[in-house]
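Working notes, beginning with the structure itself.
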Amino acid sequence: MTTHQSSPEPMANEALQEAARRNLWMHFTRMSSYQDAEVPVIVRGSGPYVFDQHGKRYLDGLAGLFVSQIGHGRTEVAEAAAAQASELAYFPLWSYAHPRAIELAARLADLAPGDLNRVFFTTSGSEAVESAWKLAKQYFKAIGQPGRYKVISREIAYHGTSMGALAVTGLASIKYPFEPMTPGGVRVPNTNFYRAPDFVASDLDAFGRWSADEIDRAIEREGPESVAAVFLEPVQNSGGCFPPPPGYFARVREICDKHGVLLVSDEVICAFGRLGHYFGAQRYGYRPDIITFAKGVTSGYSPLGGMITSDALIQPFTEGTTSFLHGVTFAGHPVSCAVALANLDVFEKEDLLGHVRAHEAAFRATLEKLTDLPIVGDVRGDGFFYGIELVKDKATRETFTDEESERLLRGYLSHALFDAGLVCRTDDRGDPVVQLSPPLICGQEHFDVMEQILRSALSEAWTRI
Ligand SMILES: Cc1ncc(COP(=O)(O)O)c(C=O)c1O
């Protein structure tokens, strides 16, 4: 039970802290770590910056959580939300449509690659992944291949937390408490070239062929008639930004076609400019059967997700009494659709895709300066999306023990970077990495700040190992 009544006055910091500890449950958070420490409370944002309860400014080097593409404090997007809420705050997409969902679906169909023209909205990325898997399953039942239900995805890849999406996810540590999993999740190697097996470690093309062919081998092993889809991110986030080797996606497409398996491009992070294109599949030139999206479609001014697919996949659902037996109440919420349209207007007006493409080499070069530090093993990524892998020994690429990683990342680095005014992410669900994914409006002055703060914190971290 809460002890606070709703109040017209905003809570003072002390009361906020008390209520945060007593009433709020933060996600993926060790609540114990805030027993004696202040909960960081972010109160407002402006451009690439956010401000905490004390007025301290931070560079938002993670775009919130890979979300805030156009940056914070855009009143034109907020006004679009207010106007839509006044006109029609809510109506479901169950048997009805509303203008903003139709307009947004048409606009996304124009922007999407190839023949992808049919948009099914959700409210989040997990729901988008869940929907794509459910579509694949029902589609194959509808076309007379009822045995196809399995999904292939990559080791350490994150695809969401709902039970279906969790079964697609390749991170054992976050699945274990929720076992048994939904049946059908099958893992294949990811495209971490820095950690490639010895026999392909010196040849990126050979590594790409091998890792794509592992998908072929997994499908053969499982029985092609049992496999529904392959779920891949254009650049895998979890593990620290693994771009695809040259030729990887072309080979994966061939493999999927050979076995009649659907290729799902999970673009919850990689779409909407993160890689300098509306969709990651456009950057790497491949043709998915389904794209899943969320996050950047609204730059976080309101929640929205979805999947985009083609006439071919919707065809069995367009005849007779058949329908896709799936939906959620708030999917394609009118306010979120109005926000997404206003967000895409900003993309166009400010040529954000062109901005990312023009500045990504400078971003990479600035971060690569950090490779002179003994703790920096690898800097990798594309667009405005980078991972920096930390190592104990650069020559051997030896990584940290679990205890060292805990001390290094949670005990020191994450606090040090935040205290120094940089929001980014330290993650050791694979090998220890620092991740950067800033708003797409950032330029050299922001890249320099990230490099300077990282240089100082990583240098200090090295002395503490
Ligand atoms: C690739 C990918 N898929 C799915 C998800 C799940 O999205 P959400 O947190 O909106 O459910 C994420 C979240 O980070 C993601 O990165």
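Positions are given from 1, in the same order as the sequence printed here.
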- request: Supply the atom-to-atom distance S299 OG to I70 CD1, rounded to the nearest 0.5 angstrom.
  value: 4.0 Å
- prompt: Is R195 salt-bridged to E155, cutoff N-O under 4.0 Å?
  reply: no
message: Once ring-ring contact (aromatic ring centres under 6.0 Å, His included) is applied, do any residues pair with H359, and if so which ones, sequence neighbours excluded?
response: H355
- prompt: Can any side-chain N or O of Q435 pair as donor or acceptor with the backbone N or O of R425 at less than 3.5 Å?
  reply: no
- request: Take F400 and I465 through the side-chain contact (heavy atoms from CB on, under 4.5 Å) test and state the conclusion after the steps.
  value: CA-CA 9 Å; F400 295 96; I465 294 163; 3.6 Å; yes
message: So which atom in P245 and which in F207 form the shortest heavy-atom distance, rounded to 0.1 Å?
response: CG-CD2, 3.9 Å
- request: Would you list the pairs meeting side chain to side chain donor-acceptor pair (under 3.5 Å) in which at least one residue belongs to residues 165-191, sequence neighbours left out?
  value: S153-R187
message: Is it the case that the side chains of T298 and N343 hold a donor-acceptor pair, with the cut-off being a distance below 3.5 Å and no angle test?
response: no
- prompt: Is it true that a side-chain atom of D60 and a backbone atom of A63 form a donor plus acceptor pair closer than 3.5 Å?
  reply: yes
- line: Sequence neighbours excluded, the answer for ring-ring contact (aromatic ring centres under 6.0 Å, His included) partners of F447 is F363, F384
query: Would you call L344 and L108 a side-chain contact if the rule is heavy atoms closer than 4.5 Å?
result: yes
query: Would you say R357's side chain and G276's backbone share a donor-acceptor pair under 3.5 angstrom?
result: yes
field: R154 to Y248 - nearest heavy-atom pair and separation
entry: NH1-OH, 3.1 Å
- request: Output the distance between atom CG (L436) and atom SG (C442), rounded to the nearest 0.5 Å.
  value: 10.0 Å
- prompt: Does R148 use its side chain to pair, donor to acceptor, with the backbone of P224 at less than 3.5 Å?
  reply: yes
message: Going by ring-ring contact (aromatic ring centres under 6.0 Å, His included), name the residues that satisfy it together with H415, two or more places apart in sequence or in a different chain.
response: none
statement: Rounding to 0.5 Å, atoms CD (E398) and CG (D431) come to a distance of 11.5 Å
query: Which one of V433, D427, L390 satisfies the side chain to side chain contact (heavy atoms under 4.5 Å, CB included) criterion with L409?
result: L390
task: Show your working on salt bridge (Lys or Arg N to Asp or Glu O under 4.0 Å) between K134 and E130 and close with a plain yes or no.
output: CA-CA 6 Å; K134 287 182 78 172; E130 203 79 33; over 6 Å; no
query: Do you see a donor-acceptor pair shorter than 3.5 Å between the side chains of Q452 and D448?
result: no
message: Taking A271's backbone N and O only, do any of them form a donor-acceptor pair with K295's side chain (distance below 3.5 Å, no angle check)?
response: no
query: Is the backbone of K150 close enough, under 3.5 Å, to the side chain of E222 for a donor and an acceptor to pair up by distance?
result: no
message: Would you say that Q236 contacts E233 through its side chain, given a criterion of any heavy-atom pair below 4.5 Å between the two side chains?
response: yes
- prompt: How are the rings of Y284 and F249 set to each other: parallel, tilted or perpendicular (split at 30° and 60°)?
  reply: parallel
query: Going by atom types alone, do H326 and S131 pair a side-chain donor with an acceptor below 3.5 Å?
result: yes
- request: Would you check if P189 and W210 make a side-chain contact, meaning some heavy-atom pair closer than 4.5 Å?
  value: yes
field: Side-chain heavy-atom pair D216, E254 within 4.5 angstrom cut-off
entry: no
task: Could you walk me through whether V252 and L232 pass the side-chain contact (heavy atoms from CB on, under 4.5 Å) test, one step at a time?
output: CA-CA 10 Å; V252 171; L232 305 172; 3.8 Å; yes
message: Tell me if a side-chain donor or acceptor on T29 pairs with a main-chain N or O of M31 at a distance below 3.5 Å.
response: no
query: Do P40 and D52 touch side chain to side chain, with heavy atoms closer than 4.5 Å?
result: no
message: Determine whether V119 and F293 satisfy the following criterion, side-chain contact (heavy atoms from CB on, under 4.5 Å), listing intermediate values before the conclusion.
response: CA-CA 10 Å; V119 183; F293 66 88; 4.2 Å; yes
message: Between F231 and I152, is the side-chain contact (heavy atoms from CB on, under 4.5 Å) condition met? List the steps.
response: CA-CA 6 Å; F231 277 68; I152 312 265; over 6 Å; no
field: Heavy-atom donor-acceptor pair, S265 side chain to E267 backbone, under 3.5 Å
entry: no
statement: Output for pair (S226 OG, Q145 CD), nearest 0.5 Å, gives 11.5 Å
- prompt: How many angstroms lie between CG in L65 and CD1 in I269, if you round to the nearest 0.5 Å?
  reply: 7.0 Å
query: Hey, are R455 and D372 close enough for a salt bridge, meaning a charged N less than 4.0 Å from a carboxylate O?
result: yes
Donor-acceptor side-chain pairing of Y34 and R21 below 3.5 angstrom: no
message: Please give me the minimum heavy-atom distance between L104 and A340, naming the atom from each residue.
response: CD2-CB, 3.5 Å
- prompt: What distance separates L263 CG from I291 CD1, expressed to the nearest 0.5 Å?
  reply: 9.5 Å
message: What I want to find out is whether D428 reaches R410 closely enough, with some N-O distance under 4.0 Å, to be called a salt bridge.
response: yes
- request: Assess whether atom CD of E403 is packed by more than 12 heavy atoms of other residues, nucleotides or ligands within 6.0 Å.
  value: yes
- prompt: So, the side chain of Q69 versus the backbone of L440: is there a donor-acceptor pair under 3.5 Å, distance only?
  reply: no
message: Could you report the tightest heavy-atom contact between V39 and Q53, atom names first, then the distance?
response: O-NE2, 3.4 Å
- request: May I ask you to say whether E18 pairs ionically with R22, meaning some side-chain N is under 4.0 Å from a carboxylate O?
  value: yes
Axial cation check for Y301 ring with R74, 6.0 Å and 45° limits: no
- prompt: Would you say F242 and R380 make side-chain contact, with heavy atoms under 4.5 Å?
  reply: yes
F418: partners by ring-ring contact (aromatic ring centres under 6.0 Å, His included), with sequence neighbours left out: Y58
- request: Check whether any side-chain heavy atom of M450 lies under 4.5 Å from a side-chain heavy atom of P438, and answer yes or no.
  value: yes
message: Taking salt bridge (charged side-chain N to carboxylate O under 4.0 Å, His left out) as the cut-off, I'd like each qualifying pair that reaches into residues 269-290, sequence neighbours left out, listed once.
response: R253-D289, D257-R287, R283-E360, R283-D382
- prompt: Is R217 salt-bridged to E220, cutoff N-O under 4.0 Å?
  reply: no
task: Mind running salt bridge (Lys or Arg N to Asp or Glu O under 4.0 Å) on E406 and R30 for me, showing each step along the way?
output: CA-CA 13 Å; E406 170 78 23; R30 292 183 190 175; 2.7 Å; yes
query: Which pair of non-hydrogen atoms, one from L413 and one from A461, has the smallest distance, and what is that distance?
result: CG-CB, 4.3 Å
- prompt: Ignoring hydrogens and geometry, is there a side-chain-to-backbone donor-acceptor pair from K394 to T371 under 3.5 Å?
  reply: yes
query: With a 4.5 Å heavy-atom cut-off, do N237 and F385 have their side chains touching?
result: yes
query: Closest approach of G164 and W133, non-hydrogen atoms and distance?
result: O-CZ3, 3.3 Å
